[in-house]
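See structure below.
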Amino acid sequence: MRSTGAATDWRDASAYASLLDADRSFHAWEWLRRDRAYREAARAERVPEAGRARPGPRSWGLEAFEDPDLVTPDARPLWSREVHPFVLSAVVARVGSAADAFDLARFAALAKLHRSEDGIEHVLLADGLRALRLDVIAGSIGQGPAQLRYLLAGIASAAPPLLTLQRLLVFCRTGRFARSLHRPEAKAGRWVLMLRAWDGLAAGADQREIAAALLSARAAERRWRSETPSLRSQAQRLVREAGRMAGGGWRALL
């Protein structure tokens, strides 16, 4: 698998800078949008071919196709709860007081709503770097303010949606994503290097060029393999990690 259509200058660190502050759902998106099969399926969904069946978005863990040409922070991938456990389920209980009502229209600039065939409303609140996922499994929040009853169960399985609930409460109160609840990803720098290495390979760069651009200018020297064996090992490891991520390893980010 090679990157296709995701035209980003892999040598330009600034082109990837937003990912350093993005949560892992957007890192996963950057890998998915480079998947040739996904790009073909997403485009076919926009212009379907008569009589030809295509895999749906759930094949890639999405509730709906997202345009693969959209980069972070412009993309709004709507991950399904099967691959992304940080999804809070809720039902509409009744129209509550103003203090207790959730009004999606208030956050229209940051909201994406997709209603699936089974009637579930899949809601994404995102600013391009941080995101909240909510599934309304009974009732509707697309028709005006509503009070929500949140559904939590279990011990370990309750932790991800519980964190999402905490994030949602702060977001509704302040209108912003709390940095204390959306901490920067400690591995973001490494993930970005892997992504740039993969884009470099797709652009035809060899291991030496990737090492020189991403790791150390010493790789540009003629005898870099013999004189800097540790640098060579770093480059090989980076390329291997990038290949594993592109081969489906990105799903572990979710």
Side-chain angles (χ1 to χ4, degrees), residues 22-26 28-29 32 42 45-46 55-67 70 72-183 251 253-254:
D23 74 27
R24 56 183 54 214
S25 68
F26 290 102
W29 165 249
L32 176 58
E45 192 266 346
R46 295 200 299 265
R58 281 184 169 269
S59 298
W60 289 278
L62 294 173
E63 294 293 347
F65 280 113
E66 183 74 351
D67 185 347
L70 290 177
T72 303
D74 299 322
R76 296 294 183 271
L78 195 61
W79 300 104
S80 67
R81 65 182 310 111
E82 286 76 18
V83 301
H84 190 48
F86 293 86
V87 178
L88 177 64
S89 294
V91 299
V92 173
R94 61 182 175 82
V95 176
S97 66
D100 266 344
F102 177 81
D103 186 0
L104 187 63
R106 178 185 167 199
F107 310 112
L110 300 177
K112 176 178 180 177
L113 185 149
H114 171 73
R115 186 177 287 104
S116 56
E117 293 181 357
D118 56 9
I120 296 177
E121 290 182 343
H122 307 281
V123 182
L124 179 72
L125 298 171
D127 63 0
L129 299 176
R130 290 159 288 274
L132 294 170
R133 270 282 286 113
L134 179 69
D135 276 356
V136 180
I137 64 175
S140 174
I141 59 173
Q143 301 175 357
Q147 187 181 78
L148 298 176
R149 180 182 299 132
Y150 307 107
L151 306 179
L152 296 169
I155 302 299
S157 59
L162 180 58
L163 175 58
T164 301
L165 175 57
Q166 293 174 318
R167 290 170 170 174
L168 177 65
L169 296 179
V170 173
F171 179 81
C172 289
R173 187 171 65 250
T174 66
R176 298 190 301 272
F177 293 94
R179 291 191 65 84
S180 61
L181 295 174
H182 295 266
R183 297 187 181 278
R251 288 177 177 267
L253 296 176
L254 297 168

Check the pair Leu148 / Val92 against side chain to side chain contact (heavy atoms under 4.5 Å, CB included), numbers first and verdict last.
CA-CA 5 Å; Leu148 298 176; Val92 173; 4.0 Å; yes

Step by step, work out the side chain to side chain contact (heavy atoms under 4.5 Å, CB included) result for Val87 and Thr164.
CA-CA 7 Å; Val87 178; Thr164 301; over 6 Å; no

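Atoms CG and CG, from Leu168 and Leu125 in turn, are 7.0 Å apart once rounded to the nearest 0.5 Å. The CG atom of Leu78 sits 11.0 Å away from the CH2 atom of Trp29 when rounded to the nearest 0.5 Å. To the nearest 0.5 Å, the span separating OG on Ser80 from CG on Leu254 amounts to 9.0 Å. Taking CG of Leu88 as the reference point, atom CG of Leu152 lies at 6.0 Å (rounded to 0.5 Å). Distance check, rounded to the nearest 0.5 Å: CG of Leu253 to CG of Leu32 gives 11.5 Å. We find the CH2-CH2 distance between Trp79 and Trp60 to be 11.5 Å, quoted to the nearest 0.5 Å.
Residues meeting the ring pair (Phe, Tyr, Trp, His ring centres under 6.0 Å) test with His122, sequence neighbours left out: none. By the ring pair (Phe, Tyr, Trp, His ring centres under 6.0 Å) test, Phe86 is found to be paired with His84, residues two or more places apart in sequence or in another chain being considered. Evaluation of the ring pair (Phe, Tyr, Trp, His ring centres under 6.0 Å) rule for Phe177 yields Phe171, His182 as partners, not counting sequence neighbours. For Arg76, there are no side chain to side chain donor-acceptor pair (under 3.5 Å) partners at least two apart in sequence or on another chain.
For the pair Arg149 (side chain) and Ala93 (backbone), a donor-acceptor distance under 3.5 Å is absent. The main-chain N or O of Ala131 is found under 3.5 Å from a side-chain atom of Asp23 such that the two form a donor-acceptor pair. Between the Asp135 side chain and the Ile137 main chain, no donor and acceptor come within less than 3.5 Å of each other.
Between Ala178 and Val170, the closest heavy-atom pair is CB-CG1, 3.6 Å. Heavy-atom minimum distance, Ser59 versus Pro55: OG-CB, 3.5 Å. Across every non-hydrogen atom of Pro145 and Ala101, the tightest pair is CB-CB, 3.9 Å. For the residue pair Leu70 and Ala75, the shortest heavy atom distance occurs at O-CB, 3.6 Å. When every heavy atom of Pro73 is checked against every heavy atom of Leu129, the shortest pair comes out as CB-CD2, 4.3 Å.
For the residue pair Glu121 and Ser140, a side-chain donor N or O sits within less than 3.5 Å of a side-chain acceptor on the partner. Between the side chains of Arg133 and Ser25, not a single donor N or O lies within less than 3.5 Å of an accepting N or O.
Few gaps surround CZ on Arg251; more than 12 heavy atoms of other groups in view lie less than 6.0 Å from it.
Applying the ring pair (Phe, Tyr, Trp, His ring centres under 6.0 Å) test to residues at least two apart or on different chains, none of the pairs has a partner in residues 129-167.
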Distance-only donor-acceptor hits, side chain of residues 103-110, under 3.5 Å, sequence neighbours excluded:
{"from": "Asp103", "atom 1": "OD1", "to": "Ala105", "atom 2": "N", "distance (Å)": "3.1"}
{"from": "Arg106", "atom 1": "NH1", "to": "Cys172", "atom 2": "O", "distance (Å)": "2.7"}
{"from": "Arg106", "atom 1": "NH2", "to": "Cys172", "atom 2": "O", "distance (Å)": "2.9"}

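Looking at Leu163 and Arg167, their side chains come closer than 4.5 Å, going by heavy atoms from C-beta outward. Arg130 has its side chain within reach of Arg179: a pair of non-hydrogen atoms, C-beta onward, lies under 4.5 Å apart. Side chains of Arg81 and Ser89 form a contact here, defined as non-hydrogen atoms less than 4.5 Å apart.
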